[in-house]
Amino acid sequence: MIRVRLPEAEPVVIAGVSDWLTSHPGITIAEDSSADVVVAVEGLVDGIFFDSLGETARRIGAVVVLALDNMPDDALDAAARAGVVSVLPRATMDRDRLVSAVIEAPRLVEDLGEALDEVRATVHPLAVLDKRDVELLSLVADGWDSREIAAKVSLSHRTVVNRVQAVVRKCGARNRVEAVAQVARAGLV
């Protein structure tokens with residue numbers, strides 16, 4: 001059973017959407033604070049709308065299906081941050097399209113998670129290194145010890161030791177020498 005939350009909107013809109021959704025035996029309207037999917041039906045939206053919608057969705061642990069009259073091009077990032085997984089044009093939305101979007105919404109999140117896992121698996125481990133990581137390994141490659149590196153980059157000795165160990169782990173290496181060899185082969189130092 002998919003539990004749907006309907007945020008505040010025009011009473012006529014809420015009644016219509018609620019009727020459409022509850023006509024499907026696998027969907028119920030959530031009366032409490034938890035839900036699987038938030039269905040928002042709006043006209044024109046802005047960043048404040050997405051901030052509020054995202055806060056609601058995160059608080060109840062739900063994804064968002066959104067039906068809109070219009071969405072500015074620059075609102076796409078805000079929609080993604082708000083947990084929107086499906087957008088329907090309000091003008092052409094009907095019962096079947098809305099029900100289908102609600103049923104598919106939880107699966108879309110799983111598919112996205114699997115797709116991101118695949119991308120992460122293909123990304124070279126060194127892609128996670130930031131500028132400071134490369135700088136530290138470059139100094140290690142040049143033969144500097146941790147105390148010399150600490151003085152050079154204005155960090156404490158302990159911080160340098162910890163950062164270099166973290167970089168070695170990020171590289172998936174067993175030690176400093178192996179990490180330096182990896183970044184050297186990648187042309188980063």
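In what follows, every heavy atom counts, from backbone to side chain, and hydrogens, waters and symmetry copies are set aside.
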>> So for atom CD, which belongs to Glu10, do other residues, nucleotides or ligands contribute more than 12 heavy atoms lying within a distance under 6.0 Å?
In response: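 Incorrect, the count does not exceed 12.
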
> Counting only heavy atoms not in Glu178, do more than 12 sit closer than 6.0 Å to its CD atom?
Replying inline: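 More than 12 heavy atoms, drawn from other residues, nucleotides or ligands, come within 6.0 Å of this atom.
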
Transitive ILVMFWY side-chain link [X] to [Y], under 4.5 Å:
{"X": "Val37", "Y": "Val99", "result": "yes"}
{"X": "Leu155", "Y": "Val164", "result": "yes"}
{"X": "Val161", "Y": "Leu129", "result": "no"}

>> Under 3.5 Å, is there a donor on one side chain and an acceptor on the other for Ser100 and Arg95?
In response: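 Judged by distance alone, the side chains do not pair up.
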
> Just by distance, with hydrogens left out, do Arg5 and Thr56 show a side-chain donor and acceptor under 3.5 Å apart?
Replying inline: no

Do [X] and [Y] have side-chain heavy atoms sitting under 4.5 Å apart?
{"X": "Val183", "Y": "Val134", "value": "no"}
{"X": "Glu104", "Y": "Val65", "value": "no"}
{"X": "Glu42", "Y": "Phe49", "value": "yes"}
{"X": "His24", "Y": "Ile103", "value": "yes"}

Nearest heavy atoms of [X] and [Y], plus distance in Å:
{"X": "Ala35", "Y": "Ala30", "answer": "CB-CB, 4.0 Å"}
{"X": "Val63", "Y": "Ala105", "answer": "CG2-CB, 3.8 Å"}
{"X": "Ala101", "Y": "Ser86", "answer": "CB-OG, 3.7 Å"}
{"X": "Leu21", "Y": "Ile27", "answer": "O-CB, 3.5 Å"}
{"X": "Ala40", "Y": "Pro7", "answer": "CB-CG, 4.1 Å"}
{"X": "Arg3", "Y": "Ser34", "answer": "NH1-OG, 2.6 Å"}

How many angstroms lie between atom [atom1] of [X] and atom [atom2] of [Y], to the nearest 0.5 angstrom?
{"X": "Arg90", "Y": "Asp69", "atom1": "CZ", "atom2": "CG", "answer": "5.0 Å"}
{"X": "Ser138", "Y": "Asp133", "atom1": "OG", "atom2": "CG", "answer": "12.5 Å"}
{"X": "Asp96", "Y": "Trp20", "atom1": "CG", "atom2": "CH2", "answer": "9.5 Å"}
{"X": "Asp145", "Y": "Leu139", "atom1": "CG", "atom2": "CG", "answer": "11.0 Å"}
{"X": "Lys152", "Y": "Trp144", "atom1": "NZ", "atom2": "CH2", "answer": "4.5 Å"}
{"X": "Leu137", "Y": "Arg176", "atom1": "CG", "atom2": "CZ", "answer": "9.0 Å"}

> Which is it for Arg163 and Asp130 under the salt bridge (Lys or Arg N to Asp or Glu O under 4.0 Å) test, yes or no, and what are the steps along the way?
Replying inline: CA-CA 11 Å; Arg163 281 291 301 256; Asp130 62 25; 3.6 Å; yes

>> Is there a side-chain contact (heavy atoms from CB on, under 4.5 Å) between Ile149 and Leu136? Walk through the geometry before answering.
In response: CA-CA 7 Å; Ile149 294 171; Leu136 292 175; 3.5 Å; yes

>> What verdict does the side-chain contact (heavy atoms from CB on, under 4.5 Å) test give for Val64 and Val85, after you've listed the backbone C-alpha separation in whole Å, the side-chain angles of each residue and the deciding distance to 0.1 Å?
In response: CA-CA 6 Å; Val64 179; Val85 296; over 6 Å; no

>> Pair Val4, Val38 - check side-chain contact (heavy atoms from CB on, under 4.5 Å), show working.
In response: CA-CA 6 Å; Val4 174; Val38 172; over 6 Å; no

> Taking it one step at a time, do Thr22 and Ile29 satisfy side-chain contact (heavy atoms from CB on, under 4.5 Å)?
Replying inline: CA-CA 7 Å; Thr22 56; Ile29 303 300; 3.5 Å; yes

